Amino acid sequence: MSNTKKIGRPKGFDRNEALTKAIAVFWKQGYEGASMKLLTDEMGINSPSLYAEFGDKHGLYLEAINSYASNDACTPLVALESIPEIEQAVRAFFEAVIDYSTHHASGAKGCFLVSCVATSAGHVEGTAELLRDAIASTDKRIAARFEQEVSLGKLPKNFPCADRAKLMFDLRQGMVFRARAGFSDEQLARDIDKNVKSVLANPEG
């Protein structure tokens, strides 16, 4: 059976690279401002190739969101999950947030989900669902790390894992919002100690 989805794919086409370039365009221009010409120029493909591979601009946008949520947005989570000592892990999470919010390879500041996707959630079909899924997935992974520490006896048994996961996510979003506004990484780093203490504070005070 022939795969019509691949018709028009240019020689040497790298799908992940194309999505990375599309993310950069949507991030800077927004969904409405990202014209097909700008997208194809930046991605290095022609319109028939884009339609054959992604369906249309809307399909490309949804795949770009999925790609970002599965890759870039997970960098702080990988830091949280890979460092054994919980305080250092939480600190590394916030450090990673600052790094990818202020030094992203695309040149964009902040977070794609905050800067672009959240603003289109109300009027671009399918976007709100993807955004909710990304938030829920992040909350779940952070809470799982706290639950692991509770089971190891390194956090109190009554540690509110789900609530602190949401707090950690919200603090992260505040940092990327400030990065979007032009705050430097040095300025953002001043809040790391306070954020770590807030996240790991003993629930009994």
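Predicted model, so just to flag it, every value in this text is computed and none were measured.
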Please report the interatomic distance CE(M168) to CG(D139), rounded to the nearest 0.5 Å.
11.0 Å
Hydrophobic clusters here meaning ILVMFWY residues chained together by side-chain heavy-atom distances under 4.5 Å, can you tell me if L155 and I83 are in one?
no
Give the C-alpha distance, both sets of side-chain angles, the deciding distance and a yes or no for salt bridge (charged side-chain N to carboxylate O under 4.0 Å, His left out) between D191 and K194.
CA-CA 5 Å; D191 289 329; K194 177 182 65 177; 3.5 Å; yes
Does L19 form a side-chain contact (heavy atoms from CB on, under 4.5 Å) with L60? I'd like the steps, not just the answer.
CA-CA 8 Å; L19 283 171; L60 173 62; 3.9 Å; yes
Side-chain donor-acceptor pair present, N195, S198, cut-off under 3.5 Å
no
Assess whether side-chain contact (heavy atoms from CB on, under 4.5 Å) is satisfied between R172 and F177, documenting all intermediate values.
CA-CA 9 Å; R172 166 189 177 272; F177 186 75; over 6 Å; no
K21 side chain to T40 backbone, donor-acceptor under 3.5 Å:
no
side-chain contact (heavy atoms from CB on, under 4.5 Å) assessment of L188 paired with F94:
CA-CA 9 Å; L188 295 172; F94 288 121; over 6 Å; no
Closest heavy-atom pair and its distance - T102, A179:
CG2-CB, 4.0 Å
Scanning both residues in full, the closest heavy-atom pair of F169 with I142 reads N-CD1, 4.4 Å
Over all atoms of both residues, closest heavy-atom pair of A128 and A121:
CB-O, 3.6 Å
Taking 4.0 angstrom as the limit, do R91 and E95 come out as a salt bridge?
no
Is D163 close to L167 at the side-chain level, that is, under 4.5 Å between some pair of heavy atoms?
no
Between the side chains of S120 and Y61, does any donor sit under 3.5 Å from an acceptor?
yes
Those residues at least two apart in sequence (or on a different chain) that pass side-chain hydrogen bond (donor to acceptor under 3.5 Å, both in side chains) with Q29 are none
Taking atom CZ of F93 and atom CE of M175, what is their separation to the nearest 0.5 Å?
9.0 Å
Dump the intermediate steps for side-chain contact (heavy atoms from CB on, under 4.5 Å) on V150 and C161, then the final yes or no.
CA-CA 9 Å; V150 171; C161 298; 3.9 Å; yes
Would you say the side chains of H58 and E63 form a donor-acceptor pair under 3.5 Å?
no
Among residues at least two apart in sequence or on other chains, which ones pass salt bridge (Lys or Arg N to Asp or Glu O under 4.0 Å) with D185?
none
To the nearest 0.5 Å, atom OH of Y68 lies from atom CG of L130 at 14.5 Å
Between atom NE2 of H123 and atom OG1 of T119, what is the distance when rounded to the nearest 0.5 Å?
6.5 Å
Donor-acceptor pair, side chain of Q187 and main chain of S184, under 3.5 angstrom:
yes
Do K57 and Y31 meet the cation-pi criteria used here (NZ or CZ under 6.0 Å from the six-membered ring centre, within 45° of the axis)?
yes
Main chain of F183, side chain of R178: is a donor-acceptor contact present, judged purely on distance under 3.5 Å?
no
Which value, rounded to the nearest 0.5 Å, describes the distance between R15 atom CZ and F54 atom CZ?
4.5 Å
Is there a path of hydrophobic side-chain contacts, each under 4.5 Å between heavy atoms of I/L/V/M/F/W/Y residues, joining M36 to I65?
yes
With sequence neighbours excluded, what pairs up with E42 under the salt bridge (Lys or Arg N to Asp or Glu O under 4.0 Å) test?
none
Mind telling me whether F159 and F146 have parallel, tilted or perpendicular rings, with 30° and 60° as the class edges?
perpendicular
Which distance, rounded to the nearest 0.5 Å, do you find between the CG of D41 and the NZ of K37?
4.0 Å
